[in-house]
Peer 1: 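Please find one structure pasted underneath; my questions will follow.
Here is the naming used below: chain letters follow the sequence lines, and residue numbers restart at 1 for every chain.
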Amino acid sequence: MIFDDIKREISKVIVGQEEMIEAILIAMLSEGHILLEGLPGLAKTMSIKTLSRVLGLDFKRVQFTPDLLPSDIIGAMIYDMRKGEFYVKKGPVFTNLLLADEINRAPSKVQSALLEAMGERQVTIDKDSYKLSSPFVVMATQNPIEQEGTYNLPEAQLDRFMMKVFIDYPSLDEELEVLNRAERGFEKLSVSKVANREDIERAKKEIEGIYIEEALKRYILNIVFATREHKDLMYGSSPRGSIDLLKASKAKAYLKGKDFVSPKDILEIAKPVLRHRVILSYEARAKGVCADEVLDKILESLPIP
Amino acid sequence: MRKILGSLLIALSLFANGYKVEISKREAFVKEPLILDLKYFESNKDEIDWISFEPKRSDLYEFKVLKKGDIEGGYEFEYLLFPLKSGEIEVKFDLRLKRAPIEEIRSKTLGTGYEQTIPVEGKVYSIEVSPLLLKIKRVKKVDFYGNFKIDAKADRDRVLAYEPVYYSFSLKGVGYPPKIDEVLKDLKGVKILRDKPSKSIRYERRGAVVEYLFRYALVSDKNFTIPSLVFREFDYKDYKILKTKAFKIEVKEQKDLIDKKNSPKRIEPFYKDLLGFLKYLAVFLAGGISGVLLYIFFRNEEIERILKAKDERELLSYLVVRYPDSLSDIKESLDRAISKKESLNLRKIKREIIKRVRKMG
């Protein structure tokens, strides 16, 4: 299966971070985007760059800053002095894999321009609309440490991300391997292209055909509905959460080489899909409860069909 | 030469000395008191360190000392003698004395007292005394020998059930001391509570002066009779019968058997019970608390949860949530069991999970 080859190639460069790699693949196959939360220096850029090389896709990185403008993301009409006419200068959003680094550093108008592009998969520059290339996956990162001069994404915007993945420090053994590779030089590490755009499109079609039982669809809805009724949550997940959970479960099953969705697929993907879509109650925040704890309780309490 | 002279002097002195044995009667009845008077005369009385003159111990008679003392030129010993068997009996005597020089006796027996720890140097002489022959007349077996009076008293003849009747029996008189320890042995349906008998025996020339008192408390819930006590006596002349009065005791049933006067309501049993209960409760609570504390300190919620899982579905949801990065093979097999209905030994898999969870720490 090509996705096993993809993972193997990536692992030649990236040590660990399987969850992040899998999340990117799932997002790519489900036409979703992912939000990464983690400290700097955990190989986010390196991962997505490696993935783009392995898949033969375009990759761009934008460092979000407070003075960034929407046109810096989507592009703008530029006047050509020599020709005496305006032409379209496409922004970095015109790519396959976009790393939007520290998205919370940019003002909300820039954030919404990007998020609109993520949702619509097209951008409008001047009077013309331009379709974004396929696949189009945004991998946005949030820096959880620095609070000053940051603009946290509003809840409605967060909902546009298919998954939110936490990136943690590597283990001791993993970090030792990172040191060894750094000593040899990362630039010497080479990866091969093992898939192309067509493979991805084919995979997307195959995922559409993955079978899921009616009972499991109800199970997905039970999970989503439980988030809306839980006492520790002020707001639960939106119907977009149910859709994304269904898509992500299918993609997860596909990545495992299965042609059907099992309860385990749903259980494993439920937290990344739902954790950024729920809003904790004031009491829960005061008690120091986090969204993952509430979701754990929901997943543990709901019977698997 | 000096030794010979000394021996001669002793022999002469012994010859000048002598004893005298007298008895009040030569013919008497069995257990009749006789006065036996023994005297010993000595010319050099001061040279006698000590002297013993008494009948030899025998089962034919028994004797008690009435007096011992000095008399002019000798010593006198008076005994009260009771013959115990009929027929001709021989009373043998034991006369022994210790002679020592007068200076030796004075130096060793007078002084501060410390000197008395030093034995007086002297010689013990045993003097042969002719036995005394007595003719003792036979007597039928009786309870008392001598002249006695008996009396019995009951403090009341009408009592309530379980109320005690105090009964006493007294024996007074002169003669041979009666050998009785009990007068009331058993009374049917009556509980007999006994005091230690009071016995007083004083030996005089006329015989043993006896005063016995037996006291009882008799308790019953029915009428009863204290029987007349009958004793046979021989007063060394005639045989007599001594009787006490019989007492009929009427016992009245009482409704309230609780003795409120002598046995008021006690708080002890209640207190005792409460204390026992509190002790039991304390032990019970201590055990319970220990159990709870042990459970709290040593409980492992994860293992508990795994054990409590009803089926593979519950177990899978727990494992996926709690162990997202481990136990993947177990989670896979549980998933297969749910999705593909593959058979699974849940107990075995739980054991495996617990083993691995413990290993993970």
Side-chain angles (χ1 to χ4, degrees), chain A residues 16-20 22-23 165-171 173-174 210-216 218-220 222-223 226 249-250 252-253 255-275 290-305, chain B residues 292-361:
Chain A
Q17 308 295 15
E18 286 89 1
E19 194 187 356
M20 181 177 66
E22 194 179 64
V165 179
F166 291 119
I167 310 173
D168 207 352
Y169 291 116
S171 66
D173 290 339
E174 284 171 346
I210 295 275
Y211 174 72
I212 178 164
E213 274 183 49
E214 195 67 22
L216 287 179
R218 286 193 177 277
Y219 180 54
I220 288 172
N222 285 344
I223 294 169
S249 306
K250 283 187 169 189
K252 176 107 183 156
L255 288 178
K256 283 185 195 166
K258 296 192 296 181
D259 56 357
F260 65 94
V261 176
S262 70
K264 185 167 168 272
D265 302 323
I266 299 168
L267 279 165
E268 282 176 343
I269 208 71
K271 273 200 288 183
V273 172
L274 298 175
R275 62 163 66 109
C290 68
D292 271 18
E293 284 173 27
V294 179
L295 290 170
D296 279 346
K297 281 180 191 166
I298 290 171
L299 296 174
E300 275 184 55
S301 62
L302 284 176
I304 295 173
Chain B
V292 169
L293 287 176
L294 282 173
Y295 176 73
I296 288 168
F297 289 137
F298 296 106
R299 75 188 291 209
N300 188 328
E301 278 179 32
E302 292 174 13
I303 290 171
E304 251 177 60
R305 185 66 206 269
I306 291 162
L307 289 169
K308 277 182 186 169
K310 286 197 295 286
D311 53 19
E312 50 269 36
R313 287 171 169 77
E314 203 178 319
L315 197 55
L316 177 68
S317 61
Y318 179 71
L319 293 184
V320 170
V321 168
R322 295 292 158 192
Y323 305 97
D325 303 321
S326 52
L327 307 172
S328 49
D329 58 325
I330 290 173
K331 285 186 276 189
E332 278 302 326
S333 55
L334 287 167
D335 193 36
R336 279 199 305 275
I338 298 163
S339 310
K340 296 183 177 175
K341 314 282 181 214
E342 281 181 12
S343 65
L344 184 90
N345 186 338
L346 195 65
R347 192 178 287 180
K348 199 175 163 186
I349 213 147
K350 277 183 183 177
R351 272 206 300 270
E352 180 62 27
I353 296 166
I354 290 167
K355 199 171 134 190
R356 290 210 212 165
V357 166
R358 282 196 173 135
K359 215 177 243 178
M360 283 191 274

Peer 1: Any chance you could measure B:R313, atom CZ, to A:L267, atom CG, to the nearest 0.5 Å?
Peer 2: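 One gets 12.0 Å once the value is rounded to the nearest 0.5 Å.
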Peer 1: Measure the spacing between OG of B:S339 and NZ of A:K264 and express it to the nearest 0.5 Å.
Peer 2: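 So the gap between those two atoms works out to 10.0 Å.
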Peer 1: Is it the case that over 12 heavy atoms from other parts of the model lie below 6.0 angstrom from the OH atom of A:Y169?
Peer 2: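 For A:Y169, atom OH is not crowded (no more than 12 foreign heavy atoms under 6.0 Å).
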Peer 1: Between B:I338 and A:P305, which heavy-atom pair has the shortest distance, and what is it?
Peer 2: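 Shortest heavy-atom separation between B:I338 and A:P305 comes out as CG2-O, 4.1 Å.
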Peer 1: For B:K310, is it the side chain, the backbone, both or neither that has a heavy atom under 4.5 Å from a heavy atom of chain A?
Peer 2: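 For B:K310, there is no contact with chain A at all, as no heavy atom is under 4.5 Å.
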Peer 1: So which atom in B:S317 and which in A:E300 form the shortest heavy-atom distance, rounded to 0.1 Å?
Peer 2: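 Minimum heavy-atom separation between B:S317 and A:E300: OG-O, 4.0 Å.
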Peer 1: Would you mind checking which part of A:K297 comes under 4.5 Å of any heavy atom in chain B, side chain (CB onward), backbone (N, CA, C, O), both or neither?
Peer 2: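 Looking at A:K297, nothing touches chain B.
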Peer 1: Are the charged groups of A:K256 and B:D335 less than 4.0 angstrom apart, N to O?
Peer 2: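 A salt bridge is absent here (no side-chain N lies under 4.0 Å from a carboxylate O).
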Peer 1: With rounding to the nearest 0.5 angstrom, report the CG to CD1 distance, B:L316 to A:I304.
Peer 2: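 Those atoms lie 4.5 Å apart.
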Peer 1: Between B:E332 and chain A, with a heavy-atom cut-off of 4.5 Å, which part of the residue counts as in contact: side chain, backbone, both or neither?
Peer 2: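 Contact with chain A is through both the backbone and side chain of B:E332.
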Peer 1: To the nearest 0.5 Å, how far apart are NZ in A:K258 and CZ in B:R336?
Peer 2: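 One gets 10.0 Å once the value is rounded to the nearest 0.5 Å.
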Peer 1: Just how far is it from atom CG of B:D325 to atom CD of A:E19, taken to the nearest 0.5 Å?
Peer 2: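 Answer rounded to 0.5 Å: 7.0 Å.
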Peer 1: Give a yes or no on this: more than 12 heavy atoms of other residues, nucleotides or ligands lie within 6.0 Å of atom CZ of B:R356.
Peer 2: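 Enclosed.
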Peer 1: Below 4.5 Å from any heavy atom of chain B, which atoms of A:P303 appear? Answer side chain, backbone, both or neither.
Peer 2: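 When you check distances to chain B, no heavy atom of A:P303 falls under 4.5 Å.
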